[in-house]
Amino acid sequence: SAPVPVLVLAGELDPTTPATDTRHLADQLGPKATFVQFPGLGHGVAWHPCGQRIIARFLADPTDSVDQSCAHAMTVPSFP
C-alpha cells in the first residue's frame, strides 16, 4: 500500500500499458491511489488537456479528491 497519495492515469486504448494492467496497479497501491481512465485515448494521456488538468489539480493538493468529470465526459471517437 502506498504511504502517500498516488495518481494513476490510463488511456483506454493504450497498447503499451493496457488500462487493465494500470487499474490493477492502482488497486495494489491501496486506498491512497486514484485511478483515472481516459476513454478513446492511447498512451499519451498527459498530453490531453483533460489529463493535464487532472495532473495539475492533483499536484496542487494530492490529498484532495480528484475531479474526474472531464475524463467521464470523454467518448470514444467513432469512425465511419
Side-chain angles (χ1 to χ4, degrees):
S1 185
V4 297
V6 178
L7 180 63
V8 181
L9 307 177
E12 175 187 30
L13 305 175
D14 186 342
T16 306
T17 312
T20 53
D21 293 350
T22 310
R23 181 181 297 275
H24 179 71
L25 170 66
D27 291 344
Q28 296 301 310
L29 289 171
K32 291 189 178 185
T34 300
F35 175 79
V36 184
Q37 182 169 314
F38 296 82
L41 293 185
H43 193 70
V45 297
W47 300 112
H48 190 278
C50 177
Q52 291 175 351
R53 191 173 324 133
I54 289 173
I55 292 167
R57 289 181 182 165
F58 177 79
L59 292 175
D61 185 358
T63 62
D64 197 9
S65 63
V66 176
D67 178 4
Q68 301 182 28
S69 59
C70 64
H72 293 297
M74 294 174 67
T75 58
V76 175
S78 60
F79 299 97

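Residues P39 and A71 share a closest heavy-atom pair of CD-O, 3.4 Å. Taking every heavy atom of both residues into account, A33 and A26 meet most closely at CB-O, 3.5 Å. Of all heavy-atom pairs spanning V76 and G40, the tightest one is CG2-N, 3.8 Å. P5 approaches P62 most closely through the heavy-atom pair CB-O, 3.3 Å.
By the side-chain hydrogen bond (donor to acceptor under 3.5 Å, both in side chains) test, Q68 pairs with H72, sequence neighbours left out. Not counting sequence neighbours, the partners of T63 by the side-chain hydrogen bond (donor to acceptor under 3.5 Å, both in side chains) test are D61. Residues that satisfy the side-chain contact (heavy atoms from CB on, under 4.5 Å) test with L7, not counting sequence neighbours, are L9, T34, V36, I54, I55, F58, V66. In this structure, the side-chain contact (heavy atoms from CB on, under 4.5 Å) partners of H24, at least two apart in sequence or on a different chain, are Q28. For the side-chain contact (heavy atoms from CB on, under 4.5 Å) test, no residue two or more places apart in sequence or in another chain qualifies with V4. Judged as a side-chain hydrogen bond (donor to acceptor under 3.5 Å, both in side chains), and not counting sequence neighbours, D64 has no contacts. Shown here are the salt bridge (Lys or Arg N to Asp or Glu O under 4.0 Å) partners of R57, two or more places apart in sequence or in another chain: D67. Among residues two or more places apart in sequence or in another chain, the side-chain contact (heavy atoms from CB on, under 4.5 Å) test is passed with S65 by none.
Linking Ile, Leu, Val, Met, Phe, Trp and Tyr residues whenever their side-chain heavy atoms come within less than 4.5 Å places M74 and V45 in a single cluster.
Under the 4.5 angstrom side-chain criterion for Ile, Leu, Val, Met, Phe, Trp and Tyr, the cluster partners of L25 are V6, V8, L29, F35.
Screening residues 5-20 for side chain to side chain donor-acceptor pair (under 3.5 Å) gives D14-H43 as the qualifying pairs, with residues at least two apart or on separate chains. For residues 37-80, every residue pair satisfying the disulfide (SG to SG under 2.5 Å) rule, not counting sequence neighbours, is listed here: C50-C70. Sorted by first then second residue, the salt bridge (charged side-chain N to carboxylate O under 4.0 Å, His left out) pairs that include residues 16-33, not counting sequence neighbours, number zero.
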